[in-house]
Protein chains: 2
Amino acid sequence: MTAELFRRYGYTGTGLKQIVTAASAPFGSIYHHFPGGKEQLGEAVIRRSGQMYLELFETIFDAAPDALTGVDDFFAGAAEVLRQTDYVDACPIATIALEVASSNETLRVATADVFESWIAGAAPRLARAGLDAATARELAIFLVAALEGAFVLCRAAKSTEAMEAAGRRVHEVLVAALAGPEPR
Amino acid sequence: MTAELFRRYGYTGTGLKQIVTAASAPFGSIYHHFPGGKEQLGEAVIRRSGQMYLELFETIFDAAPDALTGVDDFFAGAAEVLRQTDYVDACPIATIALEVASSNETLRVATADVFESWIAGAAPRLARAGLDAATARELAIFLVAALEGAFVLCRAAKSTEAMEAAGRRVHEVLVAALAGPEPR
DNA sequence: GTCTATAGAAGGATAGAC
DNA sequence: GTCTATCCTTCTATAGAC
């Protein structure tokens, strides 16, 4: 619920009153559960949303017959969700990450931890498909970066063109990596 | 100046009072130059910064001996600027784009126009290097997406690892595309 | 312990002095 | 026309009623 508001309006753009109103909760309850105020609430939302999104990735990926299909399914799913939610439901972390990167160290570290957890989740799955550890990590970073960048472009343009382009090229890179080093 | 504040603290995170203070200007001057208030100021900053960043890309790209080197130089330059500015000076648009995508239609369109102008700037340069128009556009979108996503990860992690990974993979994709369709 | 009411600061915007 | 002073709202946070 709070994550939804942060995703839609950003961290600084969402007020605590707005949050308790949306949750039909009394104002004091925020400071009961989060004595550290908005920052502590923000950190909890970041870490919880990051964990949920990691599990979503793992679920989709592990349900696929192979790594390549898993990646394809994930990008296709991201595009589908964007369309269905009028481009609201994208990455729950990226907006906050950019907002706080240079202004709130606690929250910046939380977003960095989340991205790292995604990379750490994807890398071994790529390694299992046949990549050495270093390549798997680099491709995992590349995958997350392409996904995040596509989210930015798709939300701005209200189009899934960027997600489809990113998905195709990540697919292509993965195919090349799995085929071995520079066979041309 | 204002663009610097938006980049650092975001659109909602930057106050008009903060802006006039930083510019040592009287408060009323904002509404003299921008009768539409913060929104009109934001739109001007988005379009102006977008234009400047486009020119930066074009300058770097056109100074390179070929398209591949141009792309490499641009990613290397982005990583260098991130390091030199303690990860503050990244994309001037992305933070605002995510903040306003679902809350301010005027500014969302402005960010979409900027991204489209970057794609429209990159595509013909890739086409000139030897790609058909459709492939050139798709790779231009992919290039911008990879760059934006890398900015998100780099700022969060305070590391250029993602920018380097993205640059290498965009390079690889471009090499493959220039070599022709599926030679394997 | 739960919640309301309010404090104190900062937000955007405007009216009016000069 | 330029700028200052102020308006009203909203922000986060807290004090204290119940």
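Proteins get letters first, then strands, A, B, ... in listed order; numbering begins at 1 in each.
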Discussion item. Would you call the rings of A:Trp118 and A:Tyr53 parallel, tilted or perpendicular, taking 30° and 60° as the class edges?
Written reply: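 Rings of A:Trp118 and A:Tyr53: tilted, 30 to 60°.
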Worksheet, complete the sentence: Per-nt protein contacts along nucleotides 12-18 of chain C (heavy atom under 4.0 Å; B base, S backbone sugar-phosphate only, - none) come out as BBB----
Discussion item. Ring centroids only, cut at 6.0 angstrom: are A:Phe61 and A:Phe74 within range, meaning strictly under it?
Written reply: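 Centroid separation for A:Phe61 and A:Phe74: 6.0 Å or greater.
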Between [X] ([atom1]) and [N] ([atom2]), how many Å, whole number?
| X | N | atom1 | atom2 | result |
| --- | --- | --- | --- | --- |
| B:Ile30 | D:dG1 | CD1 | C1' | 17 Å |
| A:His32 | C:dG1 | NE2 | P | 8 Å |
| B:Leu41 | C:dG11 | CG | C1' | 15 Å |

Worksheet item: Does B:Arg168 come within less than 4.0 Å of B:Glu164, counting only side-chain N to carboxylate O?
Response: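 Salt bridge absent between B:Arg168 and B:Glu164.
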Item to complete: Apply salt bridge (charged side-chain N to carboxylate O under 4.0 Å, His left out) to B:Arg137 and B:Glu116, showing your working.
Response: CA-CA 10 Å; B:Arg137 177 174 169 83; B:Glu116 181 58 36; 3.0 Å; yes
Fill in: Within 6.0 angstrom of B:Arg83 CZ, more than 12 heavy atoms from elsewhere
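Counting other residues, nucleotides and ligands, CZ of B:Arg83 exceeds 12 neighbours.
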